[in-house]
Amino acid sequence: MSTLEKRHISRTTVSALAGGAVLGALGYLIAGPPGLVIGVVIGVAGGALVGNRTAVSADPNDNVGHFEEIYSKMAYYAPGMEWHDYEPAYRFGVQTWRTHGGQEFADSEPALGARWLKIRGRSRLTWDQARHAVMHVWRDMEETAQNQNRAS
């Protein structure tokens, strides 16, 4: 599974369990054991739906939230840099893969490097530092696309 695939299993699970517990208890109070069963089923389904929607809305801009969790553990991490330095690189990777995806990264790199200097905002990363994060996104996006094609 690629790192760009949605990572919301934990939120969905917690919401499903909470929904099941609350509606199960309510159902039990209203209708006894049959109400418990019905309340748990409805609560789990509703809780999972709410948890999923919450997770999706928590990272509405291209699923780079997962990278925030891992960027400082990556081999390319530059000590002293923070998420606000890396976030533009990950977003740039998503955006450029959408327009250049399918091409070799090396073929697109000169144009990407020149563009990075214009779009990096407050990021302190040089292109030599940012390119690794961008390449990481490209690899993950390609892997996700291949997995989706195989599943179709």
* Asked: At their closest point, which heavy atom of Ala133 faces which heavy atom of Tyr90, and how far apart are they?
  -> CB-CE2, 3.6 Å

* Asked: If you look at every heavy atom in Val64 and Trp83, which pair is closest and at what distance?
  ->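 Between these two residues, the closest heavy atoms are O-CH2, 3.6 Å.
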
Can you get from [X] to [Y] by hopping between Ile, Leu, Val, Met, Phe, Trp and Tyr side chains that sit under 4.5 Å apart?
| X | Y | answer |
| --- | --- | --- |
| Tyr28 | Val40 | yes |
| Met74 | Met135 | yes |
| Val41 | Leu23 | no |
| Val22 | Ile42 | no |
| Ile70 | Val137 | yes |

Between [X] and [Y] (side chain of the first, backbone of the second, donor and acceptor by atom type, cut-off under 3.5 Å), is there such a pair?
| X | Y | value |
| --- | --- | --- |
| Glu142 | Arg139 | no |
| Asp85 | Leu125 | no |
| Tyr86 | Met81 | no |

Got a second to check how far [X]'s [atom1] is from [Y]'s [atom2], nearest 0.5 Å?
| X | Y | atom1 | atom2 | result |
| --- | --- | --- | --- | --- |
| Arg124 | His84 | CZ | NE2 | 5.0 Å |
| Glu87 | Arg122 | CD | CZ | 10.5 Å |
| Phe92 | Arg131 | CZ | CZ | 12.5 Å |
| His66 | Glu69 | NE2 | CD | 6.0 Å |
| Glu109 | Trp127 | CD | CH2 | 6.0 Å |
| Leu29 | Leu36 | CG | CG | 10.0 Å |

* Please step through side chain to side chain contact (heavy atoms under 4.5 Å, CB included) for the pair Ile119 and Gln95, ending with a clear verdict. => CA-CA 12 Å; Ile119 64 95; Gln95 293 165 0; 5.6 Å; no

* Is the distance between the ring centroids of Phe105 and Trp97 less than 6.0 Å? ->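 No, they do not, as the ring centres are separated by 6.0 Å or more.
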
* To do: Taking atom OH of Tyr76 as the centre, report whether more than 12 heavy atoms of other residues, nucleotides or ligands fall under 6.0 Å from it.
  =>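 Correct, the count exceeds 12.
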
* Other residues, nucleotides, ligands: >12 heavy atoms within 6.0 Å of Arg120 CZ -> yes

* Donor-acceptor side-chain pairing of Ser123 and Trp116 below 3.5 angstrom -> no

